[in-house]
Amino acid sequence: MSTDTAFKPHTGGCHCQAVRFRTTGPALTAATCHCRDCQFLSGGAPAHALLLAAASLKIERGAPQEYVYRSDSGRQVMRSFCPACGTPLFGQAEGADYVIVRAGALDEPARFANQLTLWTASAPPWHTIDTAHPHFPHNAPG
């Protein structure tokens, strides 16, 4: 499932512009995640992100800071952010062949178009779930 019918690279970076990136391939999908980890790392809201083949992300300037932890499933997870301004940028789970790019870090966040919603069982009751697309109480099957 690809979010880009005619591939157009995404560019983006952090709020202070110390970190800049671009994509070199189409997104695999666009997802909204309500898991508790995403709530912590976003300040309460779900995370909106593009999933890309790991080789499709190119850092053009700066070096993101990485935070690594173990998820509830026991897998190691990496989240990165700008060390100067704290903007959340990327994520990757152990064994995954894709990287997660946070929609808020895109130069054109309006190009983000949610295709699936994950971990809806973890969403607070005051947060609206996008039911126009596939949605799963936990992770998507497959």
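Aromatic pair Phe81/Phe90: centroids not less than 6.0 angstrom apart.
Residue Met78 is found in a hydrophobic cluster whose other members, listed by chain and number, are Val68; membership requires side-chain heavy atoms under 4.5 Å apart, directly or through intermediates.
Using a 4.5 Å cut-off on side-chain heavy atoms (C-beta onward), Cys82 and Cys16 make contact. No side-chain heavy atom of Pro46 sits under 4.5 Å from any side-chain heavy atom of Cys33. Between Leu106 and Phe21 there is a side-chain heavy-atom pair separated by less than 4.5 Å. Residues Val99 and Leu51 have side chains not in contact (no heavy-atom distance under 4.5 Å, counting atoms from C-beta outward). Contact of the Pro9 side chain with the Thr24 side chain is not registered, since no non-hydrogen atoms from C-beta on lie closer than 4.5 Å.
Within the structure, side chain to side chain donor-acceptor pair (under 3.5 Å) contacts touching residues 31-58 (residues at least two apart or in different chains) are Thr32-His48, Thr32-Asn114, Arg36-Gln39, Asp37-Tyr69.
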Using side chain to side chain contact (heavy atoms under 4.5 Å, CB included), reason through Arg111 and Lys8 one step at a time and then give a plain yes or no. CA-CA 10 Å; Arg111 287 182 56 202; Lys8 177 183 173 192; 3.7 Å; yes
What's the verdict on side chain to side chain contact (heavy atoms under 4.5 Å, CB included) for Leu118 and Cys35, showing C-alpha distance, side-chain angles and the deciding distance? CA-CA 7 Å; Leu118 307 171; Cys35 79; over 6 Å; no
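Under 4.0 Å is where a charged nitrogen must lie from a carboxylate oxygen, and between Arg20 and Glu60 no such pair does.
In the displayed structure, His15 atom NE2 is contacted under 6.0 Å by at most 12 heavy atoms of other residues, nucleotides or ligands.
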